[in-house]
Amino acid sequence: MNFAFTEEQELIRDSARKFLAEHATSERARAVMESDSGYDEALWANIAQEMGWAAMVVPEAYGGLGLGMVELVILQEEMGRRLACAPFFATSALAGQAVLFQGNEDQKSDLLGRIAAGELSASLAFSEPSMGWNLEDINATWRQDGDGFVLNGVKRHVVDGLDTDLLIIAARKEGSKGCEGLSLFALEGTLDGMACTRLVTMDQTRPQAQIELNNVSVSGSACLGAPGTAADALDKTLNIAALALAAEQVGGAQECLDKTVEYVKERVQFGRPIGSFQAVKHKCADMMVEVESARSAVYYAACIVDEGTDELAEVASMAKAYCSDTYFKCAGDAIQLHGGIGVTWEHDAHLYFKRARASRSYLGDPAYHRERVAKAIEAFDTSVDHFKYGGTV
Amino acid sequence: MNFAFTEEQELIRDSARKFLAEHATSERARAVMESDSGYDEALWANIAQEMGWAAMVVPEAYGGLGLGMVELVILQEEMGRRLACAPFFATSALAGQAVLFQGNEDQKSDLLGRIAAGELSASLAFSEPSMGWNLEDINATWRQDGDGFVLNGVKRHVVDGLDTDLLIIAARKEGSKGCEGLSLFALEGTLDGMACTRLVTMDQTRPQAQIELNNVSVSGSACLGAPGTAADALDKTLNIAALALAAEQVGGAQECLDKTVEYVKERVQFGRPIGSFQAVKHKCADMMVEVESARSAVYYAACIVDEGTDELAEVASMAKAYCSDTYFKCAGDAIQLHGGIGVTWEHDAHLYFKRARASRSYLGDPAYHRERVAKAIEAFDTSVDHFKYGGTV
Amino acid sequence: MDLNFSPEDETFRDEVATWFSENLSGDFKHVRYRGGSGDQSEMFAERREWERHMGRHGWSCIAWPKEYGGRDATLSQQVIFAEEYARAGGPGRTGHLGVELAGPTILAFGTDEQKKRFLPPIAAGDELWSQGFSEPNAGSDLANVRTKAWLEDGLNGKEWVIEGQKIWTSLAQFADWCFVVTRTEEGTQGHKGLSYLLVPLDQEGVDIRPIKQMTGDAEFNEVFFDGARTAAENVVGAPGDGWKVAMGTLAFERGASTLGQQMDFRNELYEIVEIAKRNGKIKDPHIRQRLADAWMRLKIMRANSLRMLTKAEKAELAPEALIYKIYWATWHRNLGELFMDILGDEAEIGDAAPYQLNGLQKVFLFSRADTIYAGTNQIQRNIIAERALGLPREPRGNT
Amino acid sequence: MDLNFSPEDETFRDEVATWFSENLSGDFKHVRYRGGSGDQSEMFAERREWERHMGRHGWSCIAWPKEYGGRDATLSQQVIFAEEYARAGGPGRTGHLGVELAGPTILAFGTDEQKKRFLPPIAAGDELWSQGFSEPNAGSDLANVRTKAWLEDGLNGKEWVIEGQKIWTSLAQFADWCFVVTRTEEGTQGHKGLSYLLVPLDQEGVDIRPIKQMTGDAEFNEVFFDGARTAAENVVGAPGDGWKVAMGTLAFERGASTLGQQMDFRNELYEIVEIAKRNGKIKDPHIRQRLADAWMRLKIMRANSLRMLTKAEKAELAPEALIYKIYWATWHRNLGELFMDILGDEAEIGDAAPYQLNGLQKVFLFSRADTIYAGTNQIQRNIIAERALGLPREPRGNT
């Protein structure tokens, strides 16, 4: 048991922090916000290719580095500290995982290979209008058509969906219900019958798209794995992505705390730095309690995932629920403690606040994830010895 | 519109406050706690007879003063400031209301007459083991037996139930369901087949009893009003009682705030009165915000009740939910701000805390009452002009 | 204690409601529900015209004495007016800083000449006002004001010359006048040596720069005074008494207009209830609890106001008046969060490119400022603890 | 980073678990799950015997060096021991103030003679300790200690004579020794001039009066020192260095025993889950959210501890160690409230007259003290803000 980063992990973190501090600046994020492009292409090229992060969690067999969840959350945490406008999360934590869990060897070799090489950005089109994050609620459909498939439906809230090279579309067999009949389709480029619209998002640092599919014909090889068998893979993907997003939230929350502490040490009112007033000190202290605990939740969950146990869903929900609340609270408190300057466009506080808001509901809000934990509790037999990793609870 | 007490109301409040400060002392409450008796009989005699409070809300036609809900909440608020061990709430807000709403003229004349004269203390036996506060869940039964009735069942959490002269028992016709078949029976003294047990309660200032009814035969006149028609009266009674209890909670919360403010002005740590530290000041300020708002909720609801509108259930739930949270929070914060001394038996803080806890769930906890408000919201048509009393919402 | 309005009041209500329904139609139909906190620049010109229209018919400042354009309205009438105004969808008042703050301050502390000069144009909707209190280093700490002013001979006799910077000056970009707290006695500190000046904004020496806020709109401004001038007589109260007058102004923020604000809140809450009904979240047990909580607290907000106003009419200082700001600001911020949680991911999506958000999204964002401006929640708690509960003041630092 | 225990550790776990299952049976079966925070006097004599039994088998202080009765256990082993102890239902440790606080303090700051004199009896379960820090006017403000001590010639050479009063001294009524922070330099103030004395309690001059708490039990005491004496050499660290030593003691509250505490919490949470299943509240959406929250936060508490302990093993000061006290205390208080809300009205009802409450009712009540003793939540926030975040200290008053 060693619940601290290894030297190699420390290196990854340090180099990520250094690189992002230099390149993923507020100025560049604001430039992207003002532009028509969805992300900072130079930054993405740097990240994916030079830094090699796109290869980080791709298995070695497909040209990646084969690192684990701990390494992914390290990168995501650092990414969250900055407002990096790049489809790293969409590519590595959403689409890449979906391919990994559901693709056949050829598909993995091709798609993951290109992802690892930094040649392919990607996202997952899962949610739909008036839908949440339950697999059962997918309405988009596929049907067999000769050797290929025909897709129909509307996908919404697809992060970086208009700007990535590859889209993984979740759809169900026409007439199927529940978790039956679900498939994932890998689409590159815009196909006939496919309409993609950029949505106006409150958080401008991570764009969303709506994808409309109107009798879109795709080849047989576009379907990842065997048709109708994607439920487990989708479930795992959403869990991994939720945990990765939670890590990003920890980074964001930490940045809110750091910036606030810096500010309240300098800002003087009533003849004292406002950081000497308990109302301010104690709010900062509470932020730190939550941030450190959120971080523990993420690291703990990442270790569990790397163990490959059946606790994935529970620990992912734990991390996502806790970190969503933590980030939102810290980002809100950061504004409050910055006073008037905190509500201005010029100051970055609102960018973090909006990111916190967006990631709070994305992949399920805290109440949704706590309910998932509650289901696990209900199913848990307290009289059985569940000792794992010497684990409490 | 005059949202302040009239001169007469101010007089009632002032005399109640003065009387209770003198007589309903902590010492006397602690003496009752140590004794076998459920309440302070001298205090009750004073309250009911000399002060004439038992007559306060009984209509003039039955020998009372015919005052309204505003006057009842005034008394209850003052009662809550002290830990008055007397069955005023049980008699005036529970049993008295039940008789008023459901009794026939003879019953009202007899029972309310004696209540008004201070000759009769009374309580309502409504809840049961594993039951909450929904009428539909009543399991105790009655059946006709010649001119009389036979009662069966177990009643629990009957406040002052072992110590009052009169018990109003809620039961349903054997085989009936929902709100059908409900009756109220007025029982004096212990009857054959009736077993009353004192329960050990965490809050020792308001005892509870369990009443077991085993084929208890009662006369026909024991049934208030027509058999099987008590649902509306019961509903109204519970609403009025919830509001009266909310008023008591306001008084208790105010006392917690006052005592805390007094203490933190005097207690010195780090060379300063602890009341000069923002952590303490701000907690006190938050307590005041909640206490004043809770008070507004109660006065507002009392005015609505005195108007006799159909909003009774909604405003009673509003008051009970808000005041329960307020009292519990203030009583807990009072302990916290008193530091070590606050958790000792000698200090009164725990008596208020326990009272706050007990009254929080009694007649339904905040979540239960908010859900009732939510039902009202759901049924509310925002497009219709609901203007009443120039009322917002 | 009762909440009933008298038959005379109900007659007044009918009169008000009728006038609004007849007048918020035709030319003014399009301003209904427009503008307001967080969205102050929306249809400003049209709303300004509406302000004049109300003024022409004597509905602008009903609480004021008749001689200055008011109606000597009773408290009940003010409550009725505020509620009916909001209920009718009356737009955000462009003149509200004059009507609610500058006017009452001048009525309470001003000279007869000042009343005659300044009140009728406010009542007529002809002159708009803004508030110059906060400075970059005097946000929560008003006593730290550094903007200074001194008397000089000018073209029209003695004039105040003003140097300094104000910030968070709402609506200054539209206003004709600004009431400015300045330091007029050199070397003074804290509450002493301040004066409350009335300064025309349309002059050289005044530079107004809007501050873009997180909604993308600009409602606040920085105002730079660089040799700006106003006549010597445009000081409210005696020179040096500015602190007392400014505190009076802040107290006027808790008048009958709070009822109007609550009606706006009610409209927002109704809209959110309807959204929850449409998207099914009304069935979500957690959302139900929060909706119930918001609903209850809004009713309680009104009851708090009515207690406070009843006492104010009897000229009693109500300690509960001190809780009003933190209560409504916190409520409003929570309402914005509730709205976002009801819509979930859909709450992200705005109305139009490049960054046009919808009204409730703006409530969510702008309400973060509610708990900051006009005294942060932290300052409000200090005020409550010190003034209502008598707790000791915090030691002031020396740095 | 990983949470796996090595094969050696797993062997150790087996050894520990086996020993407990074999030994918490027979004579000691009845002490399982007895005692503990809020219920310290339950079956005290039997639990004291158990403490001796553990000592005889070398399980009392495994983290200590072998020469003083320990096992030189690694961090992982300490974690395993603490978890297995609680999992086996090991009773509240009567010796925990000696094992967790006095012992480690003497190990860190004491002389060799002190180690030889005091550590083995602790490890053997023969001598129980209590903590004399707080005073009536030095609760949160330890620097305000007024209990004083001075050296005098006594029967056995130089002795410290102690005058003053300590309060909130847990278990003093059962203890043999007390570590007492005293002022040994007349005229000193604050952190200076304090000494950390080891004082035998069984003597004239020491008067111990239990304080009845809101549960009806008495776990804390007032301890009056009126000419109490201890040998001159019973000072830990140099005279005058008491502050530093006392701060060291407080730091030891965050050792591997926290894992054991969490296992106790786990047992309480499991019991509450079972109650919710039995009374159907497990289906209540609001209760579900709160149960999930408690469950998650307990897992996170453990993860926080493991991060903190991993760093402690590497002798790094972990800022996250500073959050531990407020985190667990607040969690435990919330757990008590959750329990009561799950039972509703039934939560009122105790076990037996006159005032015997059940275990979880006591958790509800006693947990109000959790956020007060050993540094209130307010003090904890100061500590976090000042030590971990570097925010400025509060000005100290002069009164």
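Bear in mind the structure is a predicted one, so any value in this text is a computation, not a measurement. Here is how names work: the chains are called A, B, and so on, in the same order as the sequence lines, proteins then strands, and each is numbered from 1.
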Heavy-atom distances under 4.5 Å only: say whether [X] touches chain B with side chain, backbone, both or neither.
X        : result
D:Arg333 : side chain
D:Ala138 : backbone
D:Asn279 : neither
D:Ile379 : side chain
D:Ile211 : side chain
D:Asp284 : neither
D:Ala369 : both

For D:Glu348 and B:Lys354, run salt bridge (charged side-chain N to carboxylate O under 4.0 Å, His left out): C-alpha distance rounded to whole Å, both residues' side-chain angles, the deciding distance at 0.1 Å, then the answer.
CA-CA 9 Å; D:Glu348 270 301 292; B:Lys354 289 167 181 173; over 6 Å; no
Answer yes when D:Glu337 and B:Arg357 have at least one side-chain N-carboxylate O distance shorter than 4.0 Å, and no when they do not.
no
Quick one: do D:Asp341 and B:Arg360 make a salt bridge, cutoff under 4.0 Å?
yes
Would you call B:Met202 and D:Leu365 a side-chain contact if the rule is heavy atoms closer than 4.5 Å?
yes
Side chain proximity check, B:Ile335 to D:Met214, heavy atoms < 4.5 angstrom
yes
To the nearest 0.5 Å, tell me how far B:Leu337 CG sits from D:Thr376 OG1.
9.0 Å
Atom OG of B:Ser359 and atom CG of D:Asp345: how far apart are they, to the nearest 0.5 Å?
10.5 Å
Assess the side chains of D:Gln213 and B:His350: does a donor N or O sit below 3.5 Å from an acceptor N or O?
no
Determine whether the side chains of B:Gln336 and D:Thr371 contain a donor N or O and an acceptor N or O closer than 3.5 Å.
yes
Answer with side chain, backbone, both or neither: which region of B:Ala367 has an atom nearer than 4.5 Å to a non-hydrogen atom of chain D?
side chain
B:Ser130 versus chain D, heavy atoms under 4.5 Å apart: side chain, backbone, both or neither?
neither
Provide the closest heavy-atom pair for D:Gln378 versus B:Ala279 in the form atom of the first, atom of the second, distance.
CG-CB, 3.9 Å
Indicate the ring-plane relationship of B:Phe328 and D:Phe364, choosing parallel, tilted or perpendicular according to the 30° and 60° boundaries.
parallel
Could you check whether atom NZ of D:Lys277 has more than 12 heavy atoms from other residues, nucleotides or ligands sitting under 6.0 Å from it?
yes
Do B:Gln269 side-chain atoms and D:Asn137 backbone N/O form a donor-acceptor pair below 3.5 Å?
yes
Evaluate the criterion side-chain contact (heavy atoms from CB on, under 4.5 Å) for residue pair B:Trp345 and D:Asp217; output intermediate values, then yes/no.
CA-CA 9 Å; B:Trp345 188 268; D:Asp217 303 329; over 6 Å; no
Name the member of B:Ile274, B:Val343, B:Leu351 that forms the most heavy-atom pairs with chain D at distances under 4.5 Å.
B:Val343
Hey, which of B:Glu34, B:Arg156, B:Met33 has the most heavy atom pairs under 4.5 Å with chain D?
B:Arg156
